[in-house]
Student: 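Below: one structure in structure tokens.
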Amino acid sequence: MSADQRCEALTALVVGPAAGGTGDARVAIVGPDTRSVLDLPDACRLAERLEARRPRWVWWSATQALGPLVGAGIRPARAWDVAEAHRLLCGGWATTPGLTWAGAHDLQLDSVPGPPTGDLFEALNDDCAALEANTLVRADGHLRPDAVTGTWLTTDDRLLSWADALLDAATAQRRRAGATTGRLLETIYAESAAAMLCVELHHDGLPVDRAALLELVRPMSGPKQERDALVLHHVPGREGTDLRNPAQVRDLLRAVGIDVPSTRKHVLEAFRDAHPIVPALLAWRREERIATTYGLRWIDEHIGPDDRLRGRWTACDGAAGRMTAESGLHNLPAVLRPGIAAESGHVFVRADLGQIEPRVLAVVSGDAALMQATQADDLYAPVAARLGVERAIAKIAVLAAMYGQRSGAAGQALRGLERSYPVAMAHLDRAHLAGTRGEAVRTYGGRLIPTGRYLAAAPIGADPTLDAARGRFARNAVIQGAAAELFKAWAATVRATTRHLDARIVLCLHDELLVHVPREHACQAAAAVDRALADASRRWSGGVPVRFVADTSLIERWSDAKE
């Protein structure tokens with residue numbers, strides 16, 4: 001092991017198939033003073049002892065390696081997740097060991113060999129056939145594909161070689177990250193912590209009040225004909241309209257004198273008082289979503305006997321880098337929030353970042369005037385005063401600047417923003433221009449966002465509309481991605497600084513955290529969450545004078561939080 005690997009006590013953990021295809025999986029652990037292949041129970045015991053030394057664990061992916069440890073009650077403090085590091089360094093979503101190895105060693109990603117198919121002719125021509133039986137790396141520098149799929153990992157020596165390759169990949173990634181931008185190493189640490197948190201979120205689940213959820217869901221889960229009738233009785237003679245067909249719904253609305261370009265919620269809201277059918281239709285849409293997506297079947301499939309809602313979490317969405325979740329955890333309708341309840345003897349610490357994207361814009365652009373505005377609890381108030389407009393217009397203008405909107409009242413205010421905050425606007429414009437050209441951009445924390453892959457239906461320059469869409473994507477991605485990096489740094493800090501209080505993060509929703517904590521530790525946990533934001537934002541921003549704020553409260557049900 002090289003000196004730079006030893007300096008931070010990197011310790012590899014890889015899970016291989018069971019010997020002979022039966023029994024427990026075999027686990028290789030390779031560190032400064034450890035080189036062992038053990039069965040799963042013994043590996044967990046060794047990992048628990050090693051954790052006292054605070055190593056930085058290395059794995060190909062937390063999703064694949066960490067589950068057994070979390071199941072055994074082990075929650076490592078520090079990690080280097082090779083998959084998450086690859087997403088930051090190279091962009092995109094795919095992170096097989098073959099791809100991450102290639103990315104770490106500057107090999108062409110499109111030359112990574114595919115998995116073996118077992119075809120006879122493939123075997124005759126496969127480079128693996130020319131390899132010695134125990135050789136892991138091919139002549140072209142790539143990993144042998146049967147190792148990537150796991151079929152090669154049949155002996156303890158091969159599993160140890162696989163762990164050595166993992167340490168090699170992590171060390172190469174670290175060198176690349178250090179040469180890319182000074183902030184990227186810290187971003188990888190936070191991203192790796194977020195990947196560990198994702199495994200824990202899946203394991204722990206979100207506590208719910210099953211009886212309350214059933215009470216909310218049942219009235220909305222009746223036959224669809226009954227739901228439809230509550231809308232269609234407002235327009236006699238149109239009972240045959242299919243409310244799930246937008247074109248037919250527009251025809252229905254035209255029959256009562258309402259002509260709309262689409263049936264989206266925000267469009268219909270403007271006509272709420274025009275005719276009784278509009279509020280009825282809005283209510284129908286809400287109940288239809290519950291019945292079809294969050295109904296009784298959803299409760300049965302995703303909520304366990306311990307009354308915990310579980311879904312698979314990911315630390316990165318493959319675009320700008322936001323956390324995502326399955327099983328409806330990221331899109332839970334507000335009407336169901338009364339059913340999200342702390343267990344007996346516990347409460348939630350709920351913390352919601354305020355105006356995070358414009359505050360992030362102040363950091364990443366270095367605009368001194370916008371930095372000054374962040375000192376206010378309500379950033380939009382000083383911006384409005386500087387522009388000489390109402391607060392609502394200032395808010396629309398700032399958000400429009402980050403999303404590339406230039407029409408209407410927002411477009412007029414944008415011209416004021418360009419005069420008053422030229423550094424921030426120039427930063428957004430540079431990202432926009434890079435996106436239109438299909439050039440890759442990097443977030444403040446160093447994540448590579450290859451905008452040329454976005455809207456790939458037409459080549460760069462072939463369709464001005466698509467080029468403009470790529471520009472808007474890049475413009476927002478550099479802000480949304482940076483905000484996601486700050487959020488994950490905050491969540492990682494909360495995870496680390498509240499564990500002694502027996503607190504667990506149970507939900508990460510865009511800019512919001514729910515922390516489940518015993519009632520007797522609630523006030524300490526809430527204070528720790530606020531301190532974590534101050535600490536994480538200071539480290540993430542490099543100490544620039546930008547203030548980040550969070551609305552932190554103690555609640556028993558998610559619906560108790562004030563919006």
Student: Which pairs count as salt bridge (charged side-chain N to carboxylate O under 4.0 Å, His left out) when at least one residue sits in residues 389-405, sequence neighbours excluded?
Tutor: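 Listed by first then second residue: Asp378-Arg391.
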Student: Using the salt bridge (charged side-chain N to carboxylate O under 4.0 Å, His left out) rule, collect all pairs that involve residues 191-209, keeping only residues at least two apart or in two chains.
Tutor: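 Output for this query lists Arg75-Glu200, Arg75-Asp204, Glu191-Arg447, Glu191-Lys488, Glu200-Arg495, Asp209-Arg557.
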Student: For Val30 and Ala163, work out which heavy atoms get closest and say how close.
Tutor: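 Distance-wise, the nearest heavy atoms are CG2-CB, 3.6 Å.
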Student: His203: which residues meet the ring pair (Phe, Tyr, Trp, His ring centres under 6.0 Å) condition with it, sequence neighbours left out?
Tutor: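 Not a single residue meets the ring pair (Phe, Tyr, Trp, His ring centres under 6.0 Å) criterion with His203.
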Student: How would you list, by chain and number, every residue that makes a ring pair (Phe, Tyr, Trp, His ring centres under 6.0 Å) with Phe487, sequence neighbours excluded?
Tutor: Trp490
Student: With sequence neighbours excluded, what pairs up with Arg312 under the side chain to side chain donor-acceptor pair (under 3.5 Å) test?
Tutor: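 Expected list: Glu326.
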Student: What pairs with His516 under ring pair (Phe, Tyr, Trp, His ring centres under 6.0 Å), at least two apart in sequence or on another chain?
Tutor: His346, Phe348
Student: Between Thr100 and Thr95, do the side chains contain a donor N or O and an acceptor N or O under 3.5 Å apart?
Tutor: no
Student: Are the ring centres of His330 and His510 closer than 6.0 Å?
Tutor: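 Yes, close enough.
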Student: So, for Leu329 and Arg310, which heavy atoms are closest and what is the spacing to 0.1 Å?
Tutor: CD1-C, 4.2 Å
Student: With side chains defined as the heavy atoms from C-beta onward, is the minimum distance between Val517 and Thr498 less than 4.5 Å?
Tutor: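 No, their side chains stay 4.5 Å or more apart.
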Student: Go through the structure and list residues passing side chain to side chain donor-acceptor pair (under 3.5 Å) with Asp377, not counting sequence neighbours.
Tutor: Arg547
Student: According to the ring-ring contact (aromatic ring centres under 6.0 Å, His included) rule, which pairs have a member within residues 525-544, sequence neighbours left out?
Tutor: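 Listed by first then second residue: Tyr444-Trp540.
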Student: List the residues meeting side chain to side chain donor-acceptor pair (under 3.5 Å) with Thr443, not counting sequence neighbours, and say none if there are none.
Tutor: Glu485
Student: With sequence neighbours excluded, tell me which residues meet ring pair (Phe, Tyr, Trp, His ring centres under 6.0 Å) with His427.
Tutor: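 Not a single residue meets the ring pair (Phe, Tyr, Trp, His ring centres under 6.0 Å) criterion with His427.
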Student: With the side chain counted from C-beta on, respond yes when Asn331 and Tyr294 share a heavy-atom pair under 4.5 Å apart, and no when they do not.
Tutor: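 They are in contact (side-chain heavy atoms under 4.5 Å apart), so the answer is yes.
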Student: Under 3.5 Å, is there a donor on one side chain and an acceptor on the other for Thr552 and Asp530?
Tutor: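 Present: a donor and an acceptor within the cut-off.
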Student: May I ask you to test the Tyr403-Arg475 pair for a side-chain heavy-atom distance under 4.5 Å?
Tutor: no
Student: Ring centres under 6.0 Å, that's the criterion: do His86 and Trp60 meet it?
Tutor: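 No, ring centres 6.0 Å or more apart.
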Student: Quick check: are there more than 12 heavy atoms from other residues, nucleotides or ligands sitting under 6.0 Å from CZ of Arg297?
Tutor: no
Student: Which residues pass the side chain to side chain donor-acceptor pair (under 3.5 Å) test with Arg56, sequence neighbours left out?
Tutor: Glu8
Student: Any side chain to side chain donor-acceptor pair (under 3.5 Å) pairs touching residues 360-373, not counting sequence neighbours?
Tutor: none
